[in-house]
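Right, one structure below, let's go through it.
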Amino acid sequence: MNKSASQNGVPMSPAPELKATLTLPQTAFAMKANLPQNEPLRLARWTSLGLYEKLRKAGRGRPVYLLHDGPPYANGPIHLGHALNKGLKDFVVKSKTMAGFDAPYVPGYDCHGLPIEIKVDEKLGHKKLEMPVPAVLEACRAYAQKYVGLQTEQFERIGCFGRWETPYKTMARGYEARTLEAFYGFLEKGFVYRGLKPVYWCIHDRTALAEAEVEYENHTSPSIYVRYRLTSDPAAIAPALAGRQVSTIVWTTTPWTLPASLAVAFHPDFDYVALEAESGEVYLVAAALAEQVAAACRLGHTKQLARFKGALLERLTFQHPFLERSILGVLGDYVTADTGTGAVHTAPAHGADDFYTGQRYSLDPTCRVDAGGHIHVDPAAWHLAQPPAFDGLNVWKANPIIVAMLEERGALLGGGQLEHSYPHCWRCHHPVIFRATEQWFISLETPVKRADGSETTFRQVAIEEIDKVIWDPAWGKERITNMIATRPDWCISRQRIWGVPIAVFLCEGCNLPIVDAALNRGIVDLFEREGAEAWHTTPLEVLLPAAAACAHCGGTAFRKETDILDVWFDSGVSWLAVCESDPDLSQAYSLFQKGEGREVPEVLYLEGGDQHRGWFHSSLLTSVALRGRAPYSHVATAGWTLDEQGRAMSKSLGNGVDPIDIANRMGGEIVRLWVASVDFREDTAASENLMQRCAELYKKLRNTFRFLLGNLHGFVPARDRVPEAELLPLDRYMLARTRDLTEKILAWYEAFEFHRVYQAVNEFAIVDLSAFYLDVLKDRMYTFAPTSTARRSAQTVLWQVTEALVRLVAPILTFTADEIWEHLPAVEGREASVHLALFPKPEEIFSGDPAPILAEWQKLFALRDEVFRAIEDWRKEGSVGKGLEASVTIVASGDFTQFLRSISKDRMQEFLNVSSVFVGDLYADSGELRNLLGDQAYDLIKSTFANRSFRAFASRAIGTKCNRCWRYTHDTANYGIWQNVCTRCQSALCEMGIAPPQPEAEK
RNA sequence: GGAGCCGUGCCUCAAUGGUCACAGGAGCGGAUUUAUAAUCCGAGAUCUGCUGCGGACACAGCAGGUGGGGGUUCAAGUCCCCCCGGCUCCGCCA
């Protein structure tokens, strides 16, 4: 209690304390947030309130803004990249909602595909082989559902709003039906063909892979030089070679492809030379590489016998190094002169270039490597009773055996190991191979008609559609354009089971599919009713009318295709399966697709930059093919989340900061604050340290709000609000500043510049509010009578600032803004949650143009800085104390003196937090200033004043300290038993109805 | 190989071509018991050159200084070119 009294041994006075007459901040808004404990409670409250439904209801009739969610893959807990992704989307949805749009958000999940199937395989083990397909699918479904549930819980935990009870799932029956419908759309419109082609093949997962499913990683391969002996007449190349033993040398890093070697490719325009080695053999290699090859193959001292163009080597024949096969000399302009020998061994079954070259020369592309990567020797090229040692081995095991076989036969001229980047399966990270197999393709060169009837290709229309979309950042457009321009046909088939079946009937006679729209419709309906499993469970006879006959060959025997669709096809049709089909979205989406009417909604896709080759890409292709236009109007891309070492955090690696761990220890709000703090268009760094930073900023913001709320205690807006015209100048200034801030923040939300919102709010709270306005206001808030106009003026502004700020931060500080909302002074008709409110309107905060007011005050802030410096100087001289113990002398000149004098003393003292201020003109008031500062100081100022417009000096305040407000004045008096109370405080006490307390009767 | 992003104090970072380059954190110095698990104030850019001094250190002042170097401009952290460093994406056939 009263310490000094008891220390003096005087009995404690029961008289009321002067301090108790101050109006100190009072609020139930806790200083300590306890986010990990309190956030879940608030989530539960929102659920019971039905907040998302309420938002939808509130949005009815407003213009629609459609952010269509790209589905994350449902096979694990979320990582920071997910948190960034969903956090940004949530900022968009919330800010658009508060900006007056109806912004529904239907989250989605990508459920089919290899990673889940593999996991389920691992779990089931041998059992899988005995299980019927539908049972395995059921297990996959359950696995995916488990992670749909987990991720949903986690996304909600970090405060993301959306239709979480009923998200879209690519494995939902309806979605599967739509996916199949989309495939049939492609099929019926003639985009689809089935063909033999080299595709990336994962022998571990036994499936074809799309380009998007391949990642390049380092891999060590054997690097060998192999001799191919010429069997045609060497004199045909150059007379000098007549009768000589001539060979060429190929270089390869995949010895296992040699059994499939059918040709050697030369560049038609390169110079080739015939080199005579020390051994006497003659080798044909590219001139540019001759020296290098001679060294690598230890040819010794070489002699050039002839020089000629590669074109001359076409249709020569060579002997395969270990098979009984003639190898054809072919030409290809993909042969390069920087590595290898200029002679490229060509296996049409195992390379794209090789395949197309093979087609030109009618070579057989049959692949003798099976799905598991086992080589099966071509019986036509192997006449020995014993199969070769590599027969039946997988390609990696076959490599060294083939190398040994070459060595044995003297065909190995050089060898070593090479570490190079090599395609790997993005899911299992095993190296992949090229393998020519029968696959389903969507042709990018499909002829299509534009809206105006002109003829073009699918690829071309896709590129034209890209141009109509806003890409943010802008370079994304170039990126995806290049990808579409150069990509090969889309291989959409996979040899797995967990996905949407390519539900077609193939003619046993000619292998062509039945294309029958009515039949297809029936299968789609079947999927709708029973799910994709129906393809496996329903016998062919039931699915196919008995009278069916092949339109091509008339055959009547059919089989069901067993391949499934690429998962990128699944998610790539979400615009159809979700935007067009979901009752909450379809109406707005159809407005968008028609592109007509007054209010054409925006459709935004917002994902990581990797989706240029993923979801943005596949969605574009499917929508352009089936609807003739891009599925979005706006695409925004986020950079990568990097860990502290600067390594990318990616879906497949799953490294880095765990957002849920942060939410559990610091709060989901902290994760959100981090998301807001980064410029998402660039790569972003995250670490424990940076999260800590956000947590500290959070504390500061929270405390600022707490102080605002505390000082609004007792303020009833309808009763106490002071009209704008009657506000004190300082308070008016703050309103102008708040309007200015609001305008900026609204524009930043509009442009998705969330990090600027973060910065500006941060700065406003710390600099404008905490360090300035709130600090300055303490005197007025604490010591003036609660009902006084001056105090109400301040409260009016504090109230408006808080009302504006809480809305402006609500999209980011989702939990805290809502908590603040509950502690605001009651207002009739207030929404149940801040999230149901709209952003503040700048003109309702302050009616005038803020710019001139801000400019005027700018001058005063320079003065404030100077005064604080002066007080600091004075403190250093040994006098201690706070600003109120100081009296300040300001020396100014000319117009600035006039300007300062136009401000009342009280305002000046309040603004500077000092007890008294004297403003003197350097010239006009020299006498007075000499008195106050001393001749020496005055002369010094006068001589150094040239480059300044003012100087300030602090000295001990004169007068007596008021025990209530702590200002030093000349007019303190006793107020009852309270000693030294200034007249301002006395009248305040009067106004508060507190009579001077009288001493207690003597004991 | 192609495309792009980034580089600002010890750290994290801001800045329509326009004041003296924002702010926070850490550390330093100080104040406050009336936001107190809180708040406020102050000093503070690594370096280079020059001046003050007979000279050195220290100090003070001035000028330059936003990875380095050029350029455009009345004016550049910002626009252009080159270089260095970090990162990402795309491509990568033997």
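All chains are named by letter (A, B, ...) in the order of the sequence lines, taking the proteins before the strands, and each is independently numbered beginning at 1.
Base pairing analysis places B:C57 opposite nothing; no Watson-Crick or G-U wobble pair with both distances below 3.5 Å involves it. Pairing of B:A3, defined by two Watson-Crick or G-U wobble distances under 3.5 Å, is identified with B:U88. Searching all strands for a Watson-Crick or G-U wobble partner of B:C20 with both distances below 3.5 Å returns nothing. Taking a pair to require two hydrogen-bonding distances under 3.5 Å in either a Watson-Crick or a G-U wobble arrangement, B:C13 remains unpaired.
For B:A94, its base never sits under 3.5 Å from the side chain of A:Thr346 at any donor and acceptor pair. A donor-acceptor contact under 3.5 angstrom links the side-chain atoms of A:Lys778 to the base of B:A35. Between the base of B:A94 and the side chain of A:Thr339 there is a donor-acceptor pair shorter than 3.5 Å. Scanning atom types as modelled, no donor and acceptor separated by under 3.5 angstrom connect the side chain of A:Thr704 and the base of B:A35.
No contact: A:Ala352 has no heavy atom under 4.0 Å from any strand. Residue A:Thr254 is in sugar-phosphate contact alone, with no base atom involved, counting any heavy-atom pair closer than 4.0 Å across all strands shown. No contact: A:Thr486 has no heavy atom under 4.0 Å from any strand. Within 4.0 Å (heavy atoms only), A:Phe707 reaches at least one base atom of the nucleic acid. Nucleic acid contact for A:Trp251: base, since at least one base atom lies under 4.0 Å from a heavy atom of the residue. Base engagement by A:Arg964 is indicated by at least one non-hydrogen atom pair under 4.0 Å involving a base atom. Residue A:Arg693 is in base contact, counting any heavy-atom pair closer than 4.0 Å across all strands shown. Contact annotation for A:Leu697: no contact, since no heavy-atom pair falls under 4.0 Å across all strands. Nucleic acid contact class of A:Asn703 (heavy atoms, under 4.0 Å, all strands): base. A:Met483 comes within contact range of the sugar-phosphate backbone alone, with a heavy-atom separation under 4.0 Å but no base atom that close. Counting any heavy atom pair closer than 4.0 Å across all strands shown, A:Lys19 reaches sugar-phosphate atoms only and no base atom. Here A:Arg681 lies out of heavy-atom contact (under 4.0 Å) with every strand.
Protein atom CG of A:Asp865 is 14 Å distant from nucleotide atom C1' of B:C40, rounded to whole Å. Put simply, CD on A:Glu688 is 15 Å from C1' on B:U12, counting in whole angstrom units. In this entry the distance linking OH of A:Tyr758 with C1' of B:C22 reads 14 Å, nearest Å.
Using a 4.0 Å cut-off between charged nitrogen and carboxylate oxygen, A:Asp775 and A:Lys778 count as a salt-bridge pair.
Nearest to the side-chain atoms of A:Arg479 among the listed nucleotides B:U39, B:C41, B:C89 stands B:C89. Of the listed nucleotides (B:C5, B:G24, B:A94), B:C5 has the atom at the smallest distance from the side chain of A:Glu682.
The side chain of A:Thr783 places no N or O atom within less than 4.0 Å of a non-bridging phosphate oxygen (OP1 or OP2) of B:U34.
Of the N and O atoms on the side chains of A:Glu607 and A:Asn85, at least one donor lies less than 3.5 Å from an acceptor on the other residue.
In this structure, A:Arg702 forms a cation-pi arrangement with A:Phe29, its terminal cationic atom sitting closer than 6.0 Å to the ring centre and no more than 45° off the ring axis.
Of the candidates A:Asp353, A:Asp354, A:Thr357, A:Tyr334 forms a side chain to side chain donor-acceptor pair (under 3.5 Å) with just one, namely A:Thr357.
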